[in-house]
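All chains are named by letter (A, B, ...) in the order of the sequence lines, taking the proteins before the strands, and each is independently numbered beginning at 1. In this text the structure is predicted, and so the values were computed from the model without any measurement.
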2 protein chains.
Amino acid sequence: MSKKSAPAATALAALADPTRRQLFERLRSGPRAVGELARGGTVSRPAVSQHLAVLKAAGLVRDTAAGTRRVYEIDPKGLAAIRAWLDDMWGGALQNFSAELEKDNDERES
Amino acid sequence: MSKKSAPAATALAALADPTRRQLFERLRSGPRAVGELARGGTVSRPAVSQHLAVLKAAGLVRDTAAGTRRVYEIDPKGLAAIRAWLDDMWGGALQNFSAELEKDNDERES
DNA sequence: ACACATGGTAAGCATACACTTACTGTAAGC
DNA sequence: GCTTACAGTAAGTGTATGCTTACCATGTGT
């Protein structure tokens, strides 16, 4: 399924931005409202909204309406997409790397 | 060694670019010279060089001089950095998600 | 119903960055 | 030694995008 890389690409691009990553990591502590996220962050509230929209489009977060607040939480779907892609890459990397293992031995714990 | 997230950030940013990802994925087939990579790609040779430099800085590829050719191969180090970061995120995501598992069960794959 | 709070959207700006065409350096082949 | 091939670097350009301020929509509490 070559179409599997597409969501991974979106998720990768989404997490490439430092602010977005920071936002995402903050959601690890649990669901948060937009204002709550903007309060402790370094950028304005609209910026947070835009970033959350990108993360949502990438399947990395999920939003729930709670009155006038909008609560965002981590959605494992996007993370799973990245993980699948990474595992695929990892296989190829090992295949390629196994031939070099004997001659190259940088700091690497077994 | 507490700056483990930094390499992950670089690697994430490097792989966020489609061309760079394409380049990286092409290296799964094995080590390739720059001209070889540019030959089948969509961008010019200098662009490939620049992208390879970024990938190298991110610890994702490794280069070896072979006469006038410069052969690039996948370096698992960058991939490992991403994987470590991902695993960390995954733990948090699961922790957050476990409470929601029962009520959420949508899949709109077709 | 009115006022306040919360958050998404619009428009605009400023920087970053992916790509190109030249140029330079270096190693192989004659 | 000279020419040819291969690759990295410089300089410049166009577009994408992250951020801001202003505005609009929705929901809640009195």
(request) Keeping the roles fixed (side chain from B:R20, backbone from B:H51), state whether a donor-acceptor pair exists under 3.5 Å. (result) no
(message) Expressed as a whole number of angstroms, how long is the span from A:D63:CG to D:dT26:P?
(response) 16 Å
(request) Mind listing the closest non-hydrogen atom pair of A:A57 and A:T10 along with its distance? (result) O-CG2, 4.4 Å
(request) Report yes if at least one side-chain N or O of A:Y72 is closer than 4.0 Å to OP1 or OP2 of C:dG8; otherwise report no. (result) yes
(request) Heavy atoms only: give me the nearest A:P76-A:I74 pair and the separation to one decimal. (result) CD-O, 3.7 Å
(message) Taking the basic N atoms (NZ, or NE/NH1/NH2) and the acidic carboxylate oxygens, is any pair closer than 4.0 Å for A:D87 and B:R83?
(response) yes
(message) Nearest whole Å is fine: how far is C:dC19 C1' from B:D17 CG?
(response) 11 Å
(request) For B:Q50 and C:dC17, give me the distance from atom CD to atom P, rounded to whole Å. (result) 13 Å
(message) Expressed as a whole number of angstroms, how long is the span from B:R69:CZ to D:dC6:P?
(response) 6 Å
(request) Could you state the atom-to-atom distance from CD of A:Q22 to P of D:dC19 in whole Å? (result) 10 Å
(request) Have a look at the helix from C:dA1-D:dT30 to C:dC30-D:dG1 and give the angle its two end axes make, five pairs each, rounded to 10 degrees. (result) 20°
(request) For B:A53, report the nucleic acid contact type (base, sugar-phosphate, nothing); a contact means any heavy atom under 4.0 Å. (result) nothing
(request) Examine the base of C:dT6 for any acceptor or donor lying under 3.5 Å from a partner atom in the side chain of A:E36, and report the outcome as yes or no. (result) no
(request) Please report, rounded to the nearest Å, how far the P atom of D:dG18 is from the CZ atom of A:R21. (result) 12 Å
(message) Counting only side-chain heavy atoms from C-beta out, which of D:dG18, C:dG8, D:dG8 sits nearest to A:R70?
(response) C:dG8
(request) Please report, rounded to the nearest Å, how far the P atom of D:dT21 is from the CZ atom of A:R45. (result) 11 Å
(message) Counting only side-chain heavy atoms from C-beta out, which of C:dT9, C:dA22, D:dT21 sits nearest to A:S44?
(response) D:dT21
(request) Would you indicate what B:R39 reaches in the nucleic acid, counting non-hydrogen atoms under 4.0 angstrom: base, sugar-phosphate, or nothing? (result) nothing
(message) Which is more 5' along DNA chain D, the nucleotide nearest A:T68 or the one nearest A:H51? Just name the residue.
(response) A:H51
(message) From CG of B:L52 over to P of D:dC6, roughly how many Å is that when rounded to an integer?
(response) 16 Å
(request) Name the residue closer to the 5' end of DNA chain D, choosing between A:T19 and A:A66 according to the nucleotide with the nearest heavy atom. (result) A:T19
(message) I need the B:L12 CG to A:D17 CG distance, nearest 0.5 Å.
(response) 10.5 Å
(request) May I ask you to decide if A:V34's main-chain N or O and A:R45's side chain share a donor-acceptor pair within less than 3.5 Å? (result) no
(request) Grab the two heavy atoms, one from A:A13 and one from B:A16, that are nearest each other, plus how far apart they are. (result) CA-CB, 3.9 Å
(request) Please tell me which of the listed nucleotides, D:dT9, D:dA7, D:dC19, lies nearest to the side chain of B:P46? (result) D:dT9
(request) Only counting residues at least two apart or in another chain, list the ones meeting side-chain hydrogen bond (donor to acceptor under 3.5 Å, both in side chains) with A:R32. (result) none
(request) Looking at every strand, decide which applies to B:A65 at a 4.0 Å heavy-atom threshold: base, sugar-phosphate, or nothing. (result) nothing
